[in-house]
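Here is the structure we will look at.
Every value quoted in this text rests on a predicted model; they were computed, and no experiment measured them.
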Amino acid sequence: MNAEELSRLQRGVEKYWPVVRWVETTGSTNDDLLNKGEPGTVLIAGEQTASRGRLGRKWVSPKGAQLAMSMVLRIDDNPPPFGLLSIAPGVAVTDVVPQAQLKWPNDVQIGGKKLAGILSGLADGRVVVGIGINLNFEREQLPIPTATALNLEGIDVDFVDFTTQVLCAMGERFAQWQQRDPQLLADYRKVCSTIGQHVRIELHNGEVVGTVDGVNDEGEVIIDGTTYSVGDVHHLRPKQ
């Protein structure tokens with residue numbers, strides 16, 4: 001991103017994000033902002049060399065193929081449920097990419113294939129939310145067979161315009177979280193493909209197989225009447 005493009009982006013998102021920075025390469029935008037980042041700051045990287053996904057998985061972010069960025073939010077003494085914070089950025093992506101759906105809690109997918117990953121971290125009254133959205137991959141570059149990218153789904157975007165739209169949507173959805181607006185959860189339930197699915201959820205002490213009844217007001221998934229706040233969900237074939 002050149003200086004003119006960065007300036008255009010900054011003007012487009014300043015209502016929500018007063019500080020927007022760009023780096024050509026870094027290890028992890030989340031780590032950079034956890035170490036030093038004021039609320040309202042966005043860091044975008046052309047390439048990440050040490051990025052991570054949920055549950056410690058490696059997240060591939062090759063140069064020029066992804067929108068990789070992190071944002072800093074202030075956390076009050078009595079914040080809304082963090083389970084709802086984790087779903088807000090995923091809903092924001094579906095605002096911009098209406099073809100997308102969310103696998104609980106926040107895996108952004110198109111046609112069951114992963115388009116984006118989201119990871120949050122807490123530090124000193126702040127939360128850093130990182131996201132990587134696959135924009136322009138060759139099929140053989142995909143890290144796993146169940147991944148996809150916008151270009152592979154026939155969706156071509158202008159990098160600056162798309163980033164502007166995503167950051168504005170993020171600002172709106174984070175504001176809903178901070179204001180405890182029930183519309184955030186209502187909209188999440190509309191785009192959550194996990195609700196009603198037969199699933200397997202992997203837990204730290206085993207796994208559970210069952211049917212998802214819904215997502216509660218804390219953002220937890222409900223499987224056969226039992227709630228789970230953390231776990232890795234896999235959609236299974238419907239029971240015959």
Side-chain angles (χ1 to χ4, degrees), residues 28-30 42 44-45 48 51-55 57-62 65-71 73 82-121 127-137 139 141-157 159 161-174 176-177 183-197 199 201 212 215 219-221 230-235:
S28 163
T29 55
N30 263 28
V42 176
I44 308 169
Q48 291 187 108
S51 51
R52 302 180 308 281
R54 290 181 61 246
L55 306 177
R57 296 189 181 99
K58 184 178 180 181
W59 180 256
V60 177
S61 180
Q66 191 178 79
L67 169 56
M69 62 182 178
S70 297
M71 299 143 276
L73 303 174
F82 284 106
L84 299 183
L85 173 61
S86 73
I87 70 175
V91 178
V93 176
T94 68
D95 292 336
V96 180
V97 185
Q99 300 92 330
Q101 291 185 305
L102 302 177
K103 179 170 75 73
W104 185 88
N106 56 19
D107 277 355
V108 184
Q109 299 184 333
I110 294 180
K113 293 188 174 183
K114 189 166 181 176
L115 176 72
I118 297 163
L119 184 68
S120 302
V127 63
V128 175
V129 179
I131 185 166
I133 306 175
N134 296 339
L135 301 183
N136 189 27
F137 274 71
R139 199 167 297 277
Q141 285 182 300
L142 293 172
I144 54 176
T146 53
T148 190
L150 288 182
N151 67 304
L152 297 176
E153 300 297 327
I155 305 170
D156 295 318
V157 297
F159 185 83
D161 290 344
F162 181 74
T163 304
T164 300
Q165 292 171 26
V166 170
L167 282 173
C168 288
M170 293 281 183
E172 293 282 355
R173 293 301 185 176
F174 287 139
Q176 288 182 329
W177 172 72
Q183 192 63 49
L184 172 61
L185 188 54
D187 290 342
Y188 175 80
R189 288 169 172 151
K190 293 176 184 176
V191 295
C192 180
S193 61
T194 301
I195 295 174
Q197 289 277 353
V199 303
I201 182 169
V212 176
V215 174
E220 299 168 323
V221 68
V230 178
D232 198 15
V233 165
H234 301 271
H235 293 181

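Looking at heavy atoms from C-beta onward, N134 lies out of side-chain contact with T148 at the 4.5 angstrom threshold. With a 4.5 Å cut-off on side-chain heavy atoms, L84 and Q176 do not count as touching. Considering only heavy atoms from C-beta on, L102 stays 4.5 Å or farther from I87 through its side chain. Counting heavy atoms from C-beta outward, M69 and I131 have side chains that approach closer than 4.5 Å. Counting heavy atoms from C-beta outward, L150 and N136 have side chains that stay 4.5 Å or more apart. Contact of the F174 side chain with the V127 side chain is not registered, since no non-hydrogen atoms from C-beta on lie closer than 4.5 Å. In this structure the side chain of V157 never reaches within 4.5 angstrom of the side chain of Q165, judged on heavy atoms. Between Q109 and L115, every side-chain heavy-atom pair lies at or beyond the 4.5 Å cut-off.
Nearest heavy-atom pair, F137 versus P143, reported as atom, atom and distance to 0.1 Å: CE2-CD, 4.5 Å. Nearest heavy atom pair, residue A100 against residue T94, reads O-CG2, 3.8 Å. Pairing each heavy atom of V108 with each of G90, the nearest pair is CG2-CA, 4.2 Å. Taking each heavy atom of S193 and H235 in turn, the nearest pair found is OG-CE1, 3.4 Å.
Note: L67 CG to T163 OG1 = 4.0 Å, rounded to the nearest 0.5 Å. Between the CD atom in Q183 and the CZ atom in R173 there is a gap of 7.0 Å [rounded to 0.5 Å]. Between Q48 atom CD and Q66 atom CD the span is 7.0 Å, to the nearest 0.5 Å. For the atom pair CD1 of I44 and CZ of F159, the computed distance is 6.0 Å after rounding to the nearest 0.5 Å. Distance check, rounded to the nearest 0.5 Å: CD1 of I118 to CE of M170 gives 6.0 Å.
Under a 3.5 Å cut-off, the side chain of R189 and the backbone N or O of V215 do form a donor-acceptor pair. A donor-acceptor contact shorter than 3.5 Å links the side chain of Y188 to the backbone of P105. Remark: side-chain polar atoms of Q99 are not paired, donor with acceptor, to backbone N or O of I110 under 3.5 angstrom. Put simply, the side chain of W177 never gets that close to the backbone of F82: no donor and acceptor are under 3.5 Å apart. A donor-acceptor pair under 3.5 Å is formed between the side chain of N30 and the backbone N or O of G130. With hydrogens and angles ignored, the 3.5 Å screen pairs a side-chain donor or acceptor of T194 with a backbone N or O of W104. No donor-acceptor distance shorter than 3.5 angstrom exists from the side chain of N106 to the backbone of A88, with no hydrogens or angles considered. Side chain of K114 to main chain of D107: no donor-acceptor pair is present (N/O by atom type, distance under 3.5 Å, no hydrogens or angles).
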> Under the side-chain contact (heavy atoms from CB on, under 4.5 Å) criterion, do D156 and N151 qualify, and how do the steps go?
Replying inline: CA-CA 5 Å; D156 295 318; N151 67 304; 4.1 Å; yes
Show your reasoning for whether side-chain contact (heavy atoms from CB on, under 4.5 Å) applies to V97 and I133.
-> CA-CA 11 Å; V97 185; I133 306 175; over 6 Å; no
